[in-house]
Structure formats: structure tokens, C-alpha cells
Amino acid sequence: MKTVKFAGICLCILLSIQITNAQDNLDLNNYLLKAGYTKLELKKMPTGHLHISGILNGGEGNFILDTGATGTVIEIKNEKKFKMQSESSERQAAGAGGTRMQMKSSSHNMLELSGFQLKNIDLMLLNLDHVNNAFESLGVPKVDGIIGADILTNTKAIIDYVDLSVYFKN
């Protein structure tokens, strides 16, 4: 039996929780903002995926947030749209779309999500036809990429599913 290692992440699923502080009775939003988090609005797609708009290297894009994706990937066909410099990668992806999907890597990217900037980040490029074909068959707009656990972990993300928001911290 093969052992598969996954990078562990811990994301809190928050359900209408109020945090009580001895000095203040703060709601979750105020508590996280005071703790240095930035709140980003999400939209729930008809498929149930969480959508977020962003700007990658100056180009506007549509992304989904995927806590199960180990890394952030951009649709390989959008390499020029997002002014990405890439090189072949020996890494291969495996996921709902199949296994052994060839990837390319891209360094020194700038991603802005609702005003929250991530500078000098490394991203992977991957053919996302399997995702976009499924979305298209359901009448859902295509996505330019998937925000994965690498960004969620690095920003200490907290997802509020009730309020449809995500909080990032630098």
C-alpha cells in the first residue's frame, strides 16, 4: 500500500460564532479585523464553489477558493493574459480531473484579491479544461484559476461560510 503524504492545513469552519472578549463584546468580523486580518468577500456559485475576483499581474481574473487543492493553479491558456513567465516543471498534478497532468511553474507573480496583495508568489500553470468544461455544461462561467491551500495557509486564512467571506493576514 502506498502512503500518500498531504500537507496538513487547519482551517476553521466558522458558524455564526461570536467571540466574547473580557473588555468588549465583539463579533467575529470586528475581532479578526482588530487582530490584523483583512476581510475579502466571496460569492457562492451555483455549483457550491466559492468565487473570488482578483488581479494577477495586472490582468483581471475569476478564481475559486478550494481548500482541498494543495496549491494554487492558473489555467495554462491564460499565461499571456496574466503576463506570466513560466518554465517546465517536473511536478505533475493529480486531482478530480485525473492524474499525471503536466504543469508549468511561474515565479515572481503579484496577485491581488479584493485589495489584499500577495507579492512575489510562485504559481503553477495547469490545463483546467476538466474544471471549465464541467462549469460550462452547468451554465457557470469559466474560472481562470484555483486558489489553493498554499495561499490559504500562508495568509492564515479563516473562512466564514455563513457570511461568505475569507479573512487573510499578512
*Asks:* Taking only residues two or more places apart in sequence, or in another chain, which ones meet Lys44 in a salt bridge (charged side-chain N to carboxylate O under 4.0 Å, His left out)?
*Replies:* none
*Asks:* Assess whether a salt bridge exists between Asp163 and Lys39, defined as any Lys/Arg side-chain N lying under 4.0 Å from an Asp/Glu carboxylate O.
*Replies:* yes
*Asks:* When you measure from the side chain of Asp150 to the backbone of Thr72, do you find a donor-acceptor pair of N or O atoms at a distance under 3.5 Å?
*Replies:* yes
*Asks:* Are Ile121 and Met110 connected, step by step, through hydrophobic side chains (Ile, Leu, Val, Met, Phe, Trp, Tyr) whose heavy atoms are closer than 4.5 Å?
*Replies:* no
*Asks:* Write down the atom of His108, the atom of Asp122, and the distance for their closest heavy-atom approach.
*Replies:* N-OD1, 3.8 Å
*Asks:* Quick check against the 3.5 Å criterion: does Ser106 have a side-chain atom that pairs as donor or acceptor with the backbone of Met124?
*Replies:* no
*Asks:* Evaluate the side-chain proximity of Leu56 to Ile74: yes if any heavy-atom separation is below 4.5 Å, no if none is.
*Replies:* yes
*Asks:* Looking at side-chain heavy atoms only, is the closest gap between Ile52 and Leu113 below 4.5 Å?
*Replies:* yes
*Asks:* Does CD in Glu41 sit with more than 12 non-hydrogen atoms of other residues, nucleotides or ligands closer than 6.0 Å?
*Replies:* yes
*Asks:* If we check side chain to side chain contact (heavy atoms under 4.5 Å, CB included) with Ile158, which of these qualifies: Leu152, Leu32, Leu28?
*Replies:* Leu32
*Asks:* Counting N and O atoms only, with roles assigned by atom type, does the side chain of Ser137 sit under 3.5 Å from a partner on the main chain of Ala134, one being a donor and the other an acceptor?
*Replies:* yes
*Asks:* Would Leu33 end up clustered with Ile159 when hydrophobic side chains under 4.5 Å apart are linked, directly or stepwise?
*Replies:* no
*Asks:* Determine, step by step, whether Leu126 and Ile76 satisfy the side chain to side chain contact (heavy atoms under 4.5 Å, CB included) criterion, reporting the C-alpha distance in whole Å, the side-chain angles of both residues, the deciding distance to 0.1 Å, and the verdict.
*Replies:* CA-CA 5 Å; Leu126 176 68; Ile76 199 162; 5.7 Å; no
*Asks:* For atom CD of Gln117, is the number of surrounding heavy atoms from other residues, nucleotides or ligands below 6.0 Å larger than 12?
*Replies:* yes
*Asks:* Could you tell me whether the side chain of Lys142 and the main chain of Asn133 form a donor-acceptor pair under 3.5 Å?
*Replies:* no
*Asks:* If every non-hydrogen atom of Gly61 is compared with every non-hydrogen atom of Asp144, which pair is closest and at what distance?
*Replies:* CA-OD2, 3.1 Å
*Asks:* Salt bridge or not for Lys104 and Glu79, using N-O below 4.0 Å?
*Replies:* yes
*Asks:* Are Leu164 and Phe116 in one and the same hydrophobic cluster, where Ile, Leu, Val, Met, Phe, Trp and Tyr link if side-chain heavy atoms are under 4.5 Å apart?
*Replies:* yes
*Asks:* If we only count heavy atoms from C-beta on, is the Phe135 to Ile64 side-chain gap below 4.5 Å?
*Replies:* yes
*Asks:* Check the hydrophobic clustering (I, L, V, M, F, W, Y; side-chain heavy atoms under 4.5 Å; chains of links allowed) and say if Val140 and Leu128 are grouped together.
*Replies:* yes
*Asks:* Identify the heavy atoms of Tyr161 and Thr67 that sit nearest to each other, and give their distance.
*Replies:* OH-CG2, 4.1 Å
*Asks:* Treat each ILVMFWY residue as a node, draw an edge where side-chain heavy atoms are under 4.5 Å apart, and state whether Ile147 and Ile55 are in one component.
*Replies:* no
*Asks:* Salt bridge (charged side-chain N to carboxylate O under 4.0 Å, His left out) with Asp66: which residues, sequence neighbours excluded?
*Replies:* none
*Asks:* Is there a donor-acceptor pair under 3.5 Å between the side chain of Asn132 and the backbone N or O of Val143?
*Replies:* yes
*Asks:* Would you check if the side chain of Asp27 reaches a backbone N or O of Asn30 as a donor-acceptor pair within less than 3.5 Å?
*Replies:* yes
*Asks:* Side chain to side chain contact (heavy atoms under 4.5 Å, CB included) between Phe63 and Ile146: does it pass, once the steps are laid out?
*Replies:* CA-CA 5 Å; Phe63 305 94; Ile146 299 168; over 6 Å; no
